[in-house]
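Read the structure below first, then the notes.
All chains are named by letter (A, B, ...) in the order of the sequence lines, taking the proteins before the strands, and each is independently numbered beginning at 1.
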2 protein chains.
Amino acid sequence: MGRPEPATETRAPLSKELVLRTAVALADRHGIESLSMRKLADELGAGAMSLYYHVPNKEELIDGMVDIVFSEIEPPPLELDWKTAMRRRAHSTREVLNRHRWAVGLMEGRMKPGPAGIRLREAILGCLRRAGFSIEMTIQAYSVQDAYIYGFALQETDMSPETADDFAAVAEQQMDTYTDVLADFPNLVEVVGGHVARAGYDYATEFLFGLDLILEGLDGLRG
Amino acid sequence: MGRPEPATETRAPLSKELVLRTAVALADRHGIESLSMRKLADELGAGAMSLYYHVPNKEELIDGMVDIVFSEIEPPPLELDWKTAMRRRAHSTREVLNRHRWAVGLMEGRMKPGPAGIRLREAILGCLRRAGFSIEMTIQAYSVQDAYIYGFALQETDMSPETADDFAAVAEQQMDTYTDVLADFPNLVEVVGGHVARAGYDYATEFLFGLDLILEGLDGLRG
DNA sequence: ACCTGAACACCGTTCAAGT
DNA sequence: ACCTGAACACCGTTCAAGT
């Protein structure tokens with residue numbers, strides 16, 4: 001597992017930065033359920049308890065990991081019109097969340113937003129206010145967009161098994177389970193059988209469709 | 001904790017039903033992170049290992065719990081026009097998810113959908129097809145709505161601390177942390193300070209706003 | 001300042017066994 | 001058919017101690 005440090009070589013000294021970045025990498029590779037303080041320390045070539053010098057506990061470790069994810073999201077560029085700017089940050093969010101699938105359910109929930117999360121929030125609110133939305137409408141517009149973006153990411157993450165093998169296994173098993181009652185679910189058969197199962201199902205296009213539906217709807221509500 | 005069974009009284013016999021329903025109640029009360037096989041068995045007055053006769057493992061326990069949640073969601077009523085029917089099921093979903101906050105992140109992800117989840121899916125697809133949407137548009141329309149509904153529930157669950165004390169603590173702490181740099185976040189100050197912090201912030205209204213934005217947008221795209 | 005091992009109170013699950 | 005305790009391989013975290 002990992003690469004065990006040769007005892008002769010001195011290990012890179014720990015730091016909050018290094019601990020967090022390694023934790024993110026580990027979660028990217030193996031998912032967050034399998035991320036333990038002990039394995040993380042191991043990956044760093046350190047004793048399990050060394051982590052606690054740099055991070056108070058696992059909860060705040062995850063807070064820090066989430067803020068790293070926030071820092072990778074491109075804020076709405078100032079020079080673009082509001083819809084294009086929002087599309088850009090939406091796409092960037094989706095892309096980043098696909099790189100860090102473990103983070104999807106955790107972005108909104110942290111009670112302690114980090115600096116990157118705060119900065120992004122500020123940039124988005126500013127973009128909407130400058131576009132002419134009232135304070136009340138800015139809140140609404142922000143809320144719909146984020147609900148959609150994070151909800152879509154949740155679907156996408158959850159519905160795409162990690163490996164092709166997983167996918168085949170799941171598909172086959174569902175067939176087994178429901179084959180005898182398929183007649184009761186004509187619409188499911190029509191939709192799943194006819195379209196979703198096609199390999200070319202394109203999440204990016206689907207994401208854009210819903211996003212533009214929302215952005216166009218909002219455009220009429222500016223002051 | 002709970003009510004320890006008096007040794008004289010014979011305990012209700014276990015069953016998959018009872019195990020699942022007790023697990024849901026426990027998760028409702030204490031969150032899903034604190035739900036362990038051992039505590040669940042304890043609550044049932046049984047030994048920890050008794051559960052494994054009724055449920056193969058924790059993963060499938062949770063699958064079963066999620067399907068109970070699905071079973072509580074009202075499907076789109078057949079006799080209503082499509083938008084009203086969809087609004088009904090959307091509200092029902094939000095309400096059920098507020099009763100079972102632990103479930104929000106788990107509804108879409110389970111690789112083994114249960115019967116209730118399947119039935120609900122079928123009903124929604126049927127409603128959209130009857131409304132005149134093409135197969136392709138049905139998929140899109142379904143996807144936008146669910147992304148929004150589950151994304152909104154995610155925000156709402158995550159942003160509402162369990163207790164008023166939690167809320168106060170978080171608010172105060174955020175103030176402490178960012179007071180010195182508040183000048184850098186004028187839009188955040190304006191929006192949070194001016195509106196969101198007001199006690200009367202109404203999630204139901206906000207939910208409806210975004211939902212109708214989407215439904216109206218979709219209405220123009222029927223065949 | 002930075003790192004550590006032993007110990008504690010937990011987990012999920014296997015297994016061989018009891019009624 | 002239904003339930004069980006002991007045991008195994010894990011967890012996060014406290015504490016007192018090492019350099």
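- Between L51(A) and L35(B), the residue anchored closer to the 5' end of DNA chain C is L51(A), taking for each the nucleotide with the nearest heavy atom.
- If you check every strand for non-hydrogen atoms under 4.0 Å, M37(A) touches sugar and phosphate atoms only.
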For side chain to side chain contact (heavy atoms under 4.5 Å, CB included), just list the numbers for L40(B) and L61(B), CA-CA rounded to whole Å, side-chain angles, deciding distance to a tenth of an Å, and then say yes or no. CA-CA 11 Å; L40(B) 174 55; L61(B) 172 78; 4.0 Å; yes

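- The outermost nucleotides of DNA chain D lying under 4.0 Å from heavy atoms of chain A, listed 5' to 3', are dC11(D) to dT14(D).
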Report the C-alpha distance between M107(B) and I73(B) in whole Å, list the side-chain angles of each, state the deciding distance to 0.1 Å, and finish with yes or no for side chain to side chain contact (heavy atoms under 4.5 Å, CB included). CA-CA 12 Å; M107(B) 304 290 285; I73(B) 299 174; 4.1 Å; yes

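- Expressed to the nearest 0.5 Å, how far CG of L44(B) lies from CG of L18(B) amounts to 5.5 Å.
- Toward the 5' end of DNA chain C, the nearer of the two residues G47(A) and R38(A), judged by each one's closest nucleotide, is G47(A).
- Taking the six-membered ring for Trp and thresholds of 30 and 60 degrees, Y148(A) and F152(A) have ring planes inclined between 30 and 60 degrees apart.
- The partner of dT14(C) is dA6(D), by the rule that a Watson-Crick or G-U pair needs both atom distances under 3.5 Å.
- Within 4.0 Å of A48(A), counting heavy atoms only, lies no atom of the nucleic acid at all.
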Run the side chain to side chain contact (heavy atoms under 4.5 Å, CB included) check on I32(A) and L26(A) step by step: do they pass? CA-CA 8 Å; I32(A) 198 142; L26(A) 228 40; over 6 Å; no

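- Among the heavy atoms of the strands lying under 4.0 Å from S50(B) is at least one base atom, whether or not backbone atoms are also near.
- No donor-acceptor contact under 3.5 angstrom links the side chains of E17(B) and H54(B), judged on distance only.
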